[in-house]
A.B. asks: 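Got a structure for you, written out below as structure tokens; questions coming shortly.
Remember, it's a predicted structure, so these values are computed and weren't measured experimentally. Quick note on labels: first sequence line is chain A, next is B, and so on, each numbered from 1.
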Amino acid sequence: MTDSNPSSPTSSSGDKPMDAIMALCKRRGFIFQASDIYGGINGFWDYGPLGAQMKKNLREAWWQDMILNPCWGRKGPNGDRVRCVPVETRIIQHPKVWEASGHVGGFNDPMVDDKETKQRFRADHLQGLYQAGGFGEPLAEMLARAASAQGVVPLCTVVASTSGEAVDQLVKTRKLQKDLGIRAITARAPLTDAARMFVDVEIGNVKACCEVLAVPMPTLKDRAGEVPSPFTGKKGALTEPRQFNLMFKTIVGATGTEDDAAYLRPETAQGIFVQFKNVVDTTRVKIPFGIGNTGTSFRNEVTPRNFTFRSREFEQAELEFFCHPDESQAWYAFWRDFRMEWWKSIGLAGDNLILREHDKDELSHYSCGTSDVEYRFPFTSPGFGELEGIAHRGDYDLTQHQKHSGVKLDYFDTTRGETLPNGSRKGERYLPHCIEPAAGLDRGVLALICEAYTVDPSRPSPELMKFHPRIAPIKAAVFPLMDKEGMPDVAEKLYDDLFAAFGKTGFIEMDAKQSIGKRYARMDEAGCPYCFTIDGDTLKDQTVTVRDRDTGKQERIALDRVNGFLTEKVGA
RNA sequence: GCGGGUGUAGCUCAGUGGUAGAGCGUCACGUUGCCAACGUGAAAGUCGAGGGUUCAAGUCCCUUCACCCGCUCCA
């Protein structure tokens, strides 16, 4: 464990300079801008050698602790060892997958901006007051006139999700009426079908019966300049409705047309749900169990921002843990707590990490519980940014895919149901509930970098990265104090030994150039936890010095103990 | 999408219309030998990009791209 001293000048969260962290990331080859020599491309970042290895270490730690040896061998709430299996599902799935998951529909709300007040709202929430007819006009005629008035601009507008709400707003909000020049307004009783709402209004000297309905799209598109703003009543302030396509569209097939349109996934989870039945049918897994998937996802973020935090291409590590509905709350709590513990175990141990349970009104309609593991990034401070969401998704996803695909996705549980005379159980058929710990690997890397970044002016190397040894991209470095007198040979031998033992976990470096202090400083910036130096005494008594990155302290250990020392500190 | 800021060597930055610069870093050689040591030398730049004004543009104007900050958005 790397000690992050809470009293050190830069460990207190948000006061770390993001500019300096970004500069170090580039200088040492952690993170580069994508397509840098062409000027970069908005929302995309590449990893350099150290960053790529570091992210691999994070992904492998996840895989080890979630798939191969879930929860470090800990027992789940059912008293048994937690069992998980991996899948690797594709970035491109059948387009219907995204209809079933709700991503396609949900992503496509056209938005309108008020250029003056800078307010943005969903276009279909813009409700207009259309003049339908004067007082006393027969309802039937009024309706006919209103119908033919489609495409006509409304007298005034408000933002509300339904016509009913809009009428309420118009009637209740005095200020609104004043701003809009309405002298009097009364709601008529809703029509029996309640689909159309009418009010009687006086605007200026005109008395009229008006219909309240959403401003039709053709009106907004072609005559946006004439539609009054819902906030100021002014015309010409509204933009045309703009579609925010958060899904990445692509074409499948070399000669494909729009008919072959597909989407790049916005999350890996759906690939898991779609393969749930195949995994159950072929793998001898029994509920409760999890299916994990790591991989790249894409979202056309409205505003990519904050270094790699909100990128358009990012990697997720998601687990979908399936269980009986009765046990789902217990598993939810179990995973929520373990995931928090896990992030702590790899170096996010301070106050900068929190577990935040979502409020009821924050929850998706299908979720009965969601928690975020959040980190206080320098750019979110004093607030926090999400690293991982642990969601209780109920049976929402399997239900959706069952409905859209027409394939039964329920599970026959032979450990449940009444006990039969022969001692076996009758069994129970049910749609499993699902707990989803979904982590962002790129956000994880960024959090680990921010947490590790330390400035200590009292040191000869004031800037250092205090990575947890498990995450550090460089595991160890070997330095011959002098590049002569037999030291390089001993160093070469030690380097070979360490490379053989630890080379699969990360880089092992050897450096004979320049002063020893400069070599230590280089390794500090790269976050290498231990440096082994061969000096004059090594040749006499077969001992080397080990320098600890975080303390700068040195101890002498026997040359043949180096391997054991590193195994103990770094793991093999 | 709006507003503000930034963009010159790998990094930090200077350069207010007249020859492209410094420090650090990197590399080579030498000296040194346990904490960014010293000397000598070298490499490294489409001054973010495109256009314009001008005898002359890193510098002034326009457009554009990227990043940062604040709004907005965030299934």
A.B. asks: For A:K466 and A:R549, indicate whether the former's side chain and the latter's backbone hold a donor-acceptor pair under 3.5 Å.
C.D. replies: no

A.B. asks: Mind checking the P distance from B:rA57 to B:rA42? Whole angstroms is fine.
C.D. replies: 30 Å

A.B. asks: Send over the distance from A:R310 CZ to B:rG70 P, rounded to a whole Å.
C.D. replies: 12 Å

A.B. asks: State which residues pass side chain to side chain donor-acceptor pair (under 3.5 Å) with A:E318; sequence neighbours excluded, sorted by chain then number.
C.D. replies: A:T268

A.B. asks: Using a 4.0 Å heavy-atom cut-off, write out nucleotides 23-45 of chain B from 5' to 3' as B (base contacted by protein), S (sugar-phosphate only) or - (no contact).
C.D. replies: --SSSS----BBBBB--------

A.B. asks: So which nucleotide does B:rG17 pair with, by the Watson-Crick or G-U wobble rule with both distances under 3.5 Å?
C.D. replies: none

A.B. asks: Expressed in angstrom and rounded to an integer, what is the separation of A:N300 atom CG from B:rC73 atom C1'?
C.D. replies: 14 Å

A.B. asks: For A:F276, enumerate each residue passing the ring pair (Phe, Tyr, Trp, His ring centres under 6.0 Å) test, keeping only those at least two apart in sequence or located in another chain.
C.D. replies: A:F322

A.B. asks: Could you tell me how far B:rC11 sits from B:rG52 if I compare only their C1' atoms? Round to whole Å.
C.D. replies: 34 Å

A.B. asks: Round to the nearest Å and state the distance from A:R305 atom CZ to B:rG4 atom P.
C.D. replies: 14 Å

A.B. asks: Just name whichever nucleotide pairs with B:rU54, Watson-Crick or G-U, keeping both distances under 3.5 Å, else none.
C.D. replies: none

A.B. asks: Measuring only the C1' atom in each nucleotide, how far is B:rC47 from B:rA22? A whole number of Å is fine.
C.D. replies: 15 Å

A.B. asks: Who are the side chain to side chain donor-acceptor pair (under 3.5 Å) partners of A:S461, not counting sequence neighbours?
C.D. replies: A:D524

A.B. asks: For residues 45-55 of chain A, which residue pairs qualify under side-chain hydrogen bond (donor to acceptor under 3.5 Å, both in side chains), counting only residues two or more places apart or in two chains?
C.D. replies: A:Y47-A:D442, A:Q53-A:N57, A:K55-A:E315, A:K55-A:D442

A.B. asks: Find the distance A:D36:CG to B:rU46:P and express it as a whole number of Å.
C.D. replies: 12 Å

A.B. asks: Sequence neighbours left out, what pairs pass side-chain hydrogen bond (donor to acceptor under 3.5 Å, both in side chains) with at least one residue falling in residues 508-518 of chain A?
C.D. replies: A:D511-A:R522, A:Q514-A:R522

A.B. asks: If we take the P atom in both B:rG58 and B:rG18, what is their distance in whole Å?
C.D. replies: 10 Å

A.B. asks: Parallel, tilted or perpendicular: which describes the rings of A:F309 and A:F377, with under 30° parallel and over 60° perpendicular?
C.D. replies: perpendicular

A.B. asks: Using the C1' atom as the reference point in each nucleotide, state the distance between B:rG45 and B:rG10 in Å, no decimals.
C.D. replies: 12 Å

A.B. asks: Using the C1' atom as the reference point in each nucleotide, state the distance between B:rG50 and B:rA66 in Å, no decimals.
C.D. replies: 15 Å

A.B. asks: Who pairs with A:Q554 by side chain to side chain donor-acceptor pair (under 3.5 Å), at least two apart in sequence or on another chain?
C.D. replies: A:T545

A.B. asks: A:F377 has an atom CZ; how far is it from atom P of B:rC69, in whole Å?
C.D. replies: 13 Å

A.B. asks: Taking N or O atoms only and anything under 3.5 Å, show me the protein contacts with nucleotides 63-65 of chain B, one pair per line.
C.D. replies:
none

A.B. asks: Over how many whole Å does the gap from A:W45 atom CH2 to B:rA66 atom P extend?
C.D. replies: 11 Å

A.B. asks: Whole angstroms only, please: what is the CZ-C1' distance between A:R312 and B:rC67?
C.D. replies: 14 Å

A.B. asks: Across all strands, who's sitting opposite B:rG3 as a Watson-Crick or G-U wobble pair, both distances under 3.5 Å?
C.D. replies: B:rC69

A.B. asks: Expressed as a whole number of Å, how far does the C1' atom of B:rA37 sit from that of B:rU59?
C.D. replies: 40 Å

A.B. asks: Indicate every side-chain donor-acceptor pair of residues 23-36 of chain A with a distance under 3.5 Å to a residue at least two apart or in another chain.
C.D. replies:
residue: A:R27; atom: NH2; partner: A:E463; partner atom: OE1; Å: 3.1
residue: A:R27; atom: NH2; partner: A:E525; partner atom: OE2; Å: 2.7
residue: A:R28; atom: NE; partner: A:E525; partner atom: OE1; Å: 2.4
residue: A:R28; atom: NH2; partner: A:E525; partner atom: OE1; Å: 2.7

A.B. asks: B:rG30 pairs with which nucleotide, Watson-Crick or G-U wobble, both distances below 3.5 Å?
C.D. replies: B:rC38

A.B. asks: Identify the nucleotide, in any strand shown, that forms a Watson-Crick or G-U wobble pair with B:rU12, with both distances under 3.5 Å; if there is none, say none.
C.D. replies: B:rA22

A.B. asks: Taking atom P in both B:rG15 and B:rA56, what distance in whole Å separates the two?
C.D. replies: 25 Å

A.B. asks: Where is the tightest heavy-atom contact between A:A100 and A:Q400, given as atom of each residue plus distance?
C.D. replies: O-NE2, 2.8 Å

A.B. asks: Contact class for A:G43 vs. all strands (heavy atom < 4.0 Å): base, sugar-phosphate, or nothing?
C.D. replies: sugar-phosphate

A.B. asks: Under 4.0 Å from OP1 or OP2 of B:rC69: is there any side-chain N or O of A:N306 that close?
C.D. replies: yes

A.B. asks: Output the rounded distance in Å from CG (A:L24) to C1' (B:rG10).
C.D. replies: 12 Å

A.B. asks: Using a strict cut-off of less than 4.0 Å between a Lys/Arg side-chain nitrogen and an Asp/Glu carboxylate oxygen, indicate whether A:D372 and A:R356 qualify as a salt bridge.
C.D. replies: yes

A.B. asks: Nearest nucleotide by nearest heavy atom, which residue falls closer to the 5' end of RNA chain B, A:T303 or A:A23?
C.D. replies: A:T303

